[in-house]
Structure formats: C-alpha cells, structure tokens
Amino acid sequence: MPELPEVETIRRQLEPAITGRVIEAVRVIDERWTRPVAPVEVERALAGHRIEAVERRGKYLLLRLEGDRTLAMHLRMTGNLLLQEPGSDPPHLRASFELDDGSRLLFTDARRFGQAVVLDGDGVDEYFAARLGVEPLSEALTGAELCRLASGRRAPLKSFLLNQTGVAGIGNIYADEALHRAALHPLSPAGSMKPEDCERLRDGIVATLEAGLRTGGASVDDYRDARGERGAMQDEFLVHTREGEPCPRCGSEIRRVVVAGRSTYFCPSCQRRLRRRPRRRARKRSPA
Ligand SMILES: [Zn+2]
C-alpha cells in the first residue's frame, strides 16, 4: 500500500509536469471512486480549472485548482497515478484527466479502494483536521510531540504509528522499519515510552521515510511511480518481510507477528519491549 514516501515521490514527479496546466476534460469511469458524490458532479467541478499546485497531506495527494478548489485523492491499497502521452487506456483505469498540453493523468486501481473528493475553501482544512495528525517530515514532529501524542495510550506502538490521526502518512512498511531503527518492540504500549525512547522513535521515523524517498518508494506489489516505474525501497528493508533472516544490527532471527490485523516484522533481541509506566498500576481497580 502506498505510504508517505510513495505519494511524495509521485507528487515530486507531477509537480513540474502539471502545475499551470488546465484540466480540459475529466472522465470518471468507476462511480466508486467519487462515492457518495455522482461522477458527473466531480467531472463538472474539475473541468476547465487550472492546476495551481500539487501538494501532499499524509497519504493524500492534492491538486490545488484555481478558484480555491482542491481535488484530494487517496491511493489506498492498489491505486496508481500515471502521467502519460495520449494512447490506449491501461488496465484498471478508474478516472482520467485530459490536460491542455495533450498529456493525460490516469488513476488506475485494481482493488478499487482508491478515492477522490472535491473540497472548496476552508473545507480542505476541516476535512484533514478530522483525519490526519502531525506531518512526520515537518518541524512539528519532535520527540516531545511524540511523547505527548502517546501519553496514556495502551495501544501497541505498531498500532500507534498506523493511526493517521497521531502521525500522518506512516503505514505497515515504514512503521516496522521505524521501530527497528528506534530499537523499540512493536507490541510495547505506546504510553510506556520515556523521553529518550520518543527521541529515538522520532529519529527512526524520519530516517525511514527519508530512505523511502531516496529509493523512490517501495514496490512490494502494485506500487508504481507517476512514470510507471518501480521503487527500490524493498531492497533496503531492515526487517519488513524478512522473517527468518538475520537482524542487520544484532544477527538474531527476525520474527513476524500480527498486530491490528497487519503482519509485523521485528527483531526480538534488539527491539526492546517496554513495560507500562508504574503509575498505571496505581490506577488498577481492586476486585469487586
Ligand atoms: Zn536485532
């Protein structure tokens, strides 16, 4: 599933190519892509508008259009955004944009979980305020902020990182890799982190996402960039999908467990399992 580095890779490719272009026509082929809004309404809302900027929030890609209008797209599991010259349609095409320089922006999606929504004015901020937390590659992500977000949370660290309303943009791959870099066990309760653990986790998140950007993202399954090419992050995984292989830090065997329904890979030797903070025990209810 595309995460922050994959979406940001696409954004960086699209930005110089489509900024300033006018969307001449939009064709929504799959009504699920715009649900609950009818495809024809979305087609009309976008056609004729100039693209002023290409931005990203969490795992969402945003086309900022003239007239304070925004198209927010989420790739979900198997969505891809491809920039192509005119030609035949690729498989699993869900929507297409014809631009005024003759190029086409195509949204393909085999599993059909990808989504698009048109937002006007302040609607953008409201939409994301309810869905996304801090951007991990911004100055807003600090060790102290991570500790504040995790405070009192009993959820495992893996689930804490997958929750988009805490830190935005991290999914299954980058959560495993960040926790290994931070030497933290994925099943440790999030609220058990001490300040030094939060600092290491912050550094682990940033280093992991930067590795993803440097390698053009991870192409474990369907992900392709805007040019249709694979990323190479999967060749640099430290633990993700490496069950049974030696840990690159200590040599112990990498294990796999399921957390929140997701395969989770970690080293049981050097990723330390944290205990709950002592104050939790004081709150324990006495038996009735
Ligand atoms: Zn290890």
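We're numbering straight along the sequence, starting at 1. What you see below is based on every heavy atom in this structure, not just the backbone, and it leaves out hydrogens, waters and symmetry mates. Indexing begins at 1, ligand by ligand and atom by atom, following the structure's order.
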*asked:* Classify the ring geometry of Phe266 against His185: parallel below 30°, tilted from 30° to 60°, perpendicular beyond 60°.
replied: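 Taking His185 first and then Phe266, their aromatic rings sit tilted (interplane angle of 30° to 60°).
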_Sequence-distant partners of Asp222, salt bridge (Lys or Arg N to Asp or Glu O under 4.0 Å), two or more places apart_ =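 Partners of Asp222 by the salt bridge (Lys or Arg N to Asp or Glu O under 4.0 Å) criterion come out as none, since no residue qualifies.
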*Could you tell me whether Arg255 atom CZ has more than 12 heavy atoms of other residues or ligands within 6.0 Å of it?*
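No - once you tally the heavy atoms of other residues, nucleotides and ligands closer than 6.0 Å, there are 12 at most.
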*asked:* Are more than 12 heavy atoms, taken from residues, nucleotides or ligands other than Arg32, located less than 6.0 Å from that residue's CZ atom?
replied: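 Yes, CZ of Arg32 has more than 12 neighbouring heavy atoms, counting only those of other groups under 6.0 Å.
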*Do the side-chain sulfurs (SG) of Cys250 and Cys267 come closer than 2.5 Å?*
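Answer is no: Cys267 does not pair with Cys250 in a disulfide.
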*Hey, which protein N/O/S atoms does the Zn ion (ligand 1) have under 2.8 Å?*
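Sorted hits: Cys247 SG, Cys250 SG, Cys267 SG, Cys270 SG.
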*asked:* In the structure I gave you, are the side-chain heavy atoms of Arg200 and Met193 within less than 4.5 Å of one another anywhere?
replied: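 With C-beta onward as the side chain, the pair stays apart.
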